[in-house]
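Just below is one structure, and these are the notes that go with it.
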Amino acid sequence: MLKALAESPGSLVASALAGSWRRSPTKLECTASELEEIAPLLQSSGAAALCWWRIQPSDLLRETPAAKGFRQAYRLNILQDALTQQTIKKTLALLRSADIEPLLVKGWAAARAYPEQGLRPYGDIDLCVRAEQFAAAENALKDLKERFEVDLHRGFEKFGGGSVDEIYARSQLVTFGDVEVRVPSAEDHLRILSIHMLREGAWRPLWLCDIAVAVETRASSFDWDRCLTADRRRADWVICAISLAHQLLGASVRDTPAARRSRPLPRWLVPAILKEWGSPLPSMRQRHITPMARILRRRKGVLAGLRDRWPNPIEATVGMGGPFNGLPRLPFQIGNCLARTVKFAGRLPKALRQG
Amino acid sequence: MSARTSRVLPLARKGNLVVRELPDELLVYDLDRHKAHCLNRASAIVWKHCDGKMTVAEAARLLESEMATLVDEDVVWLALGQLRKFHLLEEESGWIMQRKVTRRDLVRKYLPAALALPVILSIPAPTSAQAGSDPCTAPSQRPNGCPCEFSNDCQSNCCTNFGGGGFTCQPGTAC
């Protein structure tokens, strides 16, 4: 890794989170000032409690203001877990009363693999339903007060696809408090977590921790063929995601396809991620908060808005269905940008009519 | 309701609270006020025994044995004062706070065992990203106040430039 990159805030974030998902993580070796520097990045990306877990054994660091903030995040995550549990219970009751059995993905489904409650926050509830049941599911939830906390997905296409029937057949019911929740099998979930992270340009370090913990806690019966599916390109994306967890966070990938991948990770990949992790407001997040139509209406900040819409190489590659190889990413970025512009232009008249 | 003797602990509030116990602290989320609190061990012990029956003297003795340090009634009064301030006591029970003790009053006295003093910390509400997601980035059903592009982005189905501050989700009546 280049020296400048190794000293970047993104790189410090990676060091702070390395192995943080383990029951007994290694003690964090960094200075109080380095910790203060990355504290806002860890807090804003939801990784603060994991950092607290790593600095707990360190007498020197645990009394720093940053550490106190991380501990507050940990406490808050525990309470948030209790509150979200209530919302999940209500949501599932409504869907089940309409004969819809959703699959809970990401969020709590990922958090349950961590050694302690409170280490991994989750705010929204991602539920996948069969495409033909999507409208009925939306209807069933229309009066739910906490509807904005529920992210309903039509099938699994955006998470790497695969046969919906097979994913359902392999899914399992697990207990969450006093409610039974259906989650994908470990194999399907690792694929879902990996594709989702890459699709979003990997801007949250927490997503790579999810992959690391899923890989390290997998059962001996874990079936890699089921995880990687028949689509070779998507399979390679998943393998790259696992390799990233190894390279950036020190996840153990022994006996995984990542350990057997003959090609090294493309050189653009790690710097692209570290740039996102070191950014106080990653462009993907900024994009969600300030929609382009709004920027165009107020005619202010158009250039900044356009800059935020420029896809990072990871998002562009996955968005265009491209391979993770050493070739330049610019064609994918241009292609992805054009595709999204066309889609946006199609929605624009409606937006202007509504405005 | 007649005022109850203040030598007896009041009733702890039970309704609309989410409580989670950690090894050395108790976390409480107030669903009415949407505030989170962290009670240290001493405050948690007093709160758990606020049953309208235990006396302040008994609570002090209990604290003494649990914390393995000398404790007098003032410590219990300090805890009660904080519990009341954070709305963790039944407000309708007619209980009157007989003694007001501040932390400063006790710090010097308990300096060698400062950890025994009851403390309730407020936990600041998370920013949306800290909570793991941002309701304002949801594809639909965004709450009022969130930036929006289309009406169907909003829970209220109303995305408008209300007050000239940019397009945000607003109550349906604003559209």
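Values below: all heavy atoms of this structure, side chains included; hydrogens, waters and symmetry mates excluded. Protein chains get the first letters and strands the later ones, always in sequence-line order, with residue 1 at the start of each.
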What do you reckon, is NZ of A:K90 surrounded by more than 12 foreign heavy atoms closer than 6.0 Å?
-> yes
Heavy-atom check, side chain of A:R75 versus side chain of B:R20, under 4.5 Å | no
Would you give the length of the straight line joining atom SG of B:C38 to atom CZ of A:R71, rounded to the nearest 0.5 angstrom?
-> 7.0 Å
From B:K35 atom NZ to A:L79 atom CG, the distance as rounded to the nearest 0.5 Å | 14.5 Å
Looking only at A:T84, A:D81, A:I78, the option with the highest number of non-hydrogen pairs under 4.5 Å against chain B is A:I78
Side chain to side chain contact (heavy atoms under 4.5 Å, CB included) with A:Y74: which of B:L27, B:I123, B:L22?
-> B:L22
Does A:A202 have any side chain to side chain contact (heavy atoms under 4.5 Å, CB included) partners at least two apart in sequence or in another chain, and if so, which?
-> A:M197, A:I273, A:I314
Hey, which of A:Q80, A:Q85, A:Q86 is the one that makes side chain to side chain contact (heavy atoms under 4.5 Å, CB included) with B:V18?
-> A:Q86
Contacts of type salt bridge (charged side-chain N to carboxylate O under 4.0 Å, His left out), residue B:R13, not counting sequence neighbours | B:D30, B:D32
